[in-house]
Protein chains: 2
Amino acid sequence: MSDAAPGLNSEQLGAYFALMEVGSLLQYAVDEHLRAAGDLSYVQFQILARLVDAPGGRLRMTDLADGVVYSRSGLTYQAGLLDKRGLIARSPAPDDDRSVLVTVTDAGRDLVAHVLPGHVERVRQLLFDPMTGTDLAALSTVLGRVRDHMRATPPRSAKPRGGRNRAG
Amino acid sequence: MSDAAPGLNSEQLGAYFALMEVGSLLQYAVDEHLRAAGDLSYVQFQILARLVDAPGGRLRMTDLADGVVYSRSGLTYQAGLLDKRGLIARSPAPDDDRSVLVTVTDAGRDLVAHVLPGHVERVRQLLFDPMTGTDLAALSTVLGRVRDHMRATPPRSAKPRGGRNRAG
DNA sequence: TATTGTTATACTCTATAACTATA
DNA sequence: TATAGTTATAGAGTATAACAATA
């Protein structure tokens with residue numbers, strides 16, 4: 001879009017496109033590896049990874065849904081797949097009978113451990129090999145700020161009802 | 001993964017997660033806007049945007065496929081949708097009868113023009129509002145370097161045909 | 001009444017392979 | 001033989017809405 005970019009200067013536009021391309025290529029490469037190494041989609045890997053990191057290896061469905069998947073039914077679907085493979089187990093929550101506790105099984109932990117080195121290696125090769133130490137520090141600073149801002153800016157609840165931007 | 005990250009230090013790991021999260025949230029927000037404002041997916045918007053930027057508003061299917069979609073049949077599918085809506089037109093290439101030239105129609109240009117301000121506005125709000133001028137410069141430098149490196153590093157499973165592995 | 005989670009269902013998108021046609 | 005593109009088909013993933021159960 002060389003001409004019509006009313007709200008962004010060319011440096012911003014370039015950074016935006018670069019971010020999208022880098023994110024897309026990285027996601028693609030990582031996804032490909034996870035499938036080949038462990039027959040996992042990136043979403044499934046995220047679910048397992050969050051569980052491995054959680055105290056006791058367990059989280060409620062709702063907590064898991066926050067930040068991993070965009071709908072509850074989507075998480076139920078993914079959890080069903082992981083459950084069927086024996087990578088997680090679901091049990092009723094003792095303190096709230098509506099909730100379901102999801103726990104990583106040993107098999108789930110093993111799979112994450114098996115997949116992680118190659119995963120991390122791909123990230124290193126693609127993302128960090130071309131960076132200098134200064135690059136890394138700068139990137140951390142900027143992305144941290146942006147992430148905090150995005151988290152604080154309600155992304156999905158801000159649905160304009162009577163919309164200003166409708167297509168004719 | 002606080003424990004098992006053999007190949008990345010914690011700063012790198014944090015930067016990686018931040019990048020994925022920022023990219024994912026940005027993609028989601030932008031996609032949502034494009035659908036609401038113009039009933040376009042991000043892929044469709046990319047196709048139109050590339051055409052608008054191309055000399056004469058036209059590109060061959062193959063050139064379009066490079067960097068936009070992951071398979072040729074995927075592009076045929078998306079082009080079919082855009083064609084049906086009158087946003088692009090397809091015609092045989094005069095110099096090579098195997099090729100198909102894709103051209104943005106006036107309706108396609110209008111839709112891009114209609115959608116672009118809101119698109120850019122969302123990017124500005126989410127990505128650039130929390131940044132300082134130094135941040136932007138740093139981000140551009142790092143992402144530029146990383147993107148060049150990624151483009152120069154084709155995925156190992158480079159498939160003979162189709163696919164995603166082209167320098168852009 | 002609101003929240004948690006599942007299910008049923010429909011839809012979008014993507015990839016693979018077979019196919020046609022041209023270089 | 002290799003390339004350009006389409007089609008048929010199958011599969012993964014997602015969202016929406018209805019639903020049941022609990023708070």
Side-chain angles (χ1 to χ4, degrees), chain A residues 24 27-28 31-32 34-36 38-47 58-85 88-103 155-157 159, chain B residues 24 27-29 31-32 34-36 38-47 58-85 88-103 155 157-166:
Chain A
S24 168
Q27 166 99 41
Y28 188 85
D31 202 84
E32 186 184 52
L34 288 173
R35 270 178 214 285
D39 194 25
L40 288 172
S41 69
Y42 188 67
V43 168
Q44 291 164 357
F45 173 72
Q46 276 182 299
I47 293 174
R58 62 178 57 190
L59 287 171
R60 296 187 314 149
M61 288 290 284
T62 294
D63 300 331
L64 212 40
D66 290 348
V68 162
V69 114
Y70 295 131
S71 70
R72 282 158 187 276
S73 63
L75 178 59
T76 297
Y77 171 75
Q78 294 296 344
L81 295 180
L82 295 175
D83 197 339
K84 201 178 303 176
R85 290 176 61 184
I88 64 171
R90 285 178 286 186
S91 57
D95 56 319
D96 186 335
D97 280 348
R98 296 171 304 182
S99 294
V100 168
L101 284 183
V102 183
T103 311
R156 310 196 248 295
S157 50
K159 284 204 168 188
Chain B
S24 167
Q27 166 98 40
Y28 188 85
D31 201 84
E32 186 184 53
L34 289 173
R35 270 178 214 284
D39 195 24
L40 289 173
S41 69
Y42 188 67
V43 168
Q44 291 165 355
F45 173 73
Q46 276 183 299
I47 292 173
R58 63 178 56 188
L59 287 171
R60 297 187 313 149
M61 288 290 283
T62 295
D63 300 330
L64 213 40
D66 290 348
V68 161
V69 113
Y70 297 133
S71 69
R72 283 155 186 277
S73 64
L75 178 59
T76 297
Y77 171 75
Q78 293 295 343
L81 295 179
L82 295 174
D83 196 338
K84 200 179 302 176
R85 289 176 61 183
I88 65 171
R90 283 178 288 184
S91 57
D95 57 320
D96 187 334
D97 280 347
R98 295 172 303 181
S99 293
V100 168
L101 284 181
V102 183
T103 311
S157 57
K159 291 168 185 172
R161 178 179 160 128
R164 186 12 174 213
N165 340 313
R166 289 299 208 99

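Every chain is numbered from 1, with letters handed out A, B, ... down the list of sequences.
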(request) Starting from C1' on C:dC13, measure out to CG on B:Leu75 and report it in whole angstrom. (result) 13 Å
(request) Would you mind reading off the distance between A:Leu64 atom CG and C:dG5 atom P, rounded to a whole angstrom? (result) 10 Å
(request) Apply the test side-chain hydrogen bond (donor to acceptor under 3.5 Å, both in side chains) to residues B:Arg58 and B:Ser91: give CA-CA distance (whole Å), side-chain angles for both, the deciding distance (0.1 Å), then the verdict. (result) CA-CA 10 Å; B:Arg58 63 178 56 188; B:Ser91 57; 5.4 Å; no
(message) Students often get this wrong, so: under 4.0 angstrom with heavy atoms, is B:Thr76 touching a base, only sugar-phosphate, or nothing?
(response) base
(message) Checking contacts here: which listed nucleotide (C:dG5, C:dC13, D:dT6) is nearest the side-chain heavy atoms of B:Ser41?
(response) C:dC13
(message) Please classify the nucleic acid contact of B:Leu81 as base, sugar-phosphate, or nothing, using heavy-atom distances under 4.0 Å.
(response) sugar-phosphate
(request) Toss me the dot-bracket line for DNA chain C: Watson-Crick and G-U wobble, both under 3.5 Å, 5' to 3', using | for pairs to another strand and [ ] for crossers. (result) |||||||||||||||||||||||
(message) For D:dA15, does the base pair up with any side-chain atom of A:Ser73 as donor and acceptor (N or O, under 3.5 Å, distance only)?
(response) yes
(request) Using the closest heavy atom to pick a nucleotide of DNA chain D for each, name whichever of A:Val43 or A:Arg98 lands nearer the 5' end. (result) A:Val43
(request) For residues B:Ser41 and B:Leu34, report the shortest heavy-atom separation together with the two atoms involved. (result) O-CD1, 4.3 Å
(request) Consider the side chain of A:Arg35, meaning its heavy atoms from C-beta on, and name the nucleotide among C:dG5, D:dG13, D:dT16 that approaches it most closely. (result) D:dG13
(request) Would you kindly give the OH-to-C1' distance between A:Tyr77 and D:dA15, to the nearest whole Å? (result) 13 Å
(request) Would you mind reading off the distance between B:Asp83 atom CG and D:dT7 atom P, rounded to a whole angstrom? (result) 11 Å
(message) Less than 4.0 angstrom between a side-chain N/O of B:Arg60 and OP1 or OP2 of D:dG5, yes or no?
(response) no
(message) Between B:Arg72 and D:dA4, is there a contact of a side-chain N or O with OP1 or OP2 at under 4.0 Å?
(response) yes
(request) Step by step, work out the side-chain hydrogen bond (donor to acceptor under 3.5 Å, both in side chains) result for A:Tyr70 and B:Ser24. (result) CA-CA 11 Å; A:Tyr70 295 131; B:Ser24 167; 3.1 Å; yes
(request) On DNA chain D, check which nucleotide each of A:Asp95 and A:Gly74 is closest to and give me the residue with the more 5' one. (result) A:Gly74
(message) A:Thr103: which residues meet the side chain to side chain donor-acceptor pair (under 3.5 Å) condition with it, sequence neighbours left out?
(response) none
(message) Side chain of A:Asp96 only, heavy atoms from C-beta on: which candidate in C:dG5, C:dC13, D:dT22 is closest?
(response) D:dT22
(message) Heavy atoms from C-beta onward define the side chain here; which of C:dC13, D:dT22, C:dG5 lies closest to that of A:Asp97?
(response) D:dT22
(request) Choose from C:dG5, D:dA15, C:dA15 the nucleotide whose nearest atom is closest to any side-chain atom of B:Tyr70. (result) C:dA15
(request) Could you tell me the separation between the OH atom of B:Tyr28 and the C1' atom of D:dA15, rounded to a whole number of Å? (result) 9 Å
(message) Tell me the interatomic distance from B:Leu101, atom CG, to D:dT6, atom C1', rounded to whole angstroms.
(response) 16 Å
(request) Using only side-chain N and O atoms of A:Gln78, determine if any of them is under 4.0 Å from OP1 or OP2 of D:dT14. (result) yes
(request) Kindly give the heavy-atom pair with the smallest separation between B:Arg85 and B:Asp39, and that separation in Å. (result) NH1-O, 2.7 Å
(request) Report the distance from atom CG of B:Asp66 to atom C1' of D:dG5, rounded to the nearest whole Å. (result) 14 Å
(request) Work out which heavy atom in B:Gly80 is nearest to a heavy atom in B:Arg90; give both atom names and the distance. (result) CA-NH2, 3.6 Å
(request) Show the numbers, then the answer: is there a salt bridge (charged side-chain N to carboxylate O under 4.0 Å, His left out) between A:Asp31 and A:Arg35? (result) CA-CA 6 Å; A:Asp31 202 84; A:Arg35 270 178 214 285; 3.0 Å; yes
(message) Using whole Å, what does the distance between atom C1' of nucleotide C:dC13 and atom OH of B:Tyr42 come to?
(response) 17 Å
(request) Ignoring hydrogens and angles, tell me if any N or O in the side chain of B:Gln78 forms a donor-acceptor pair with the backbone of B:Leu75 under 3.5 Å. (result) no
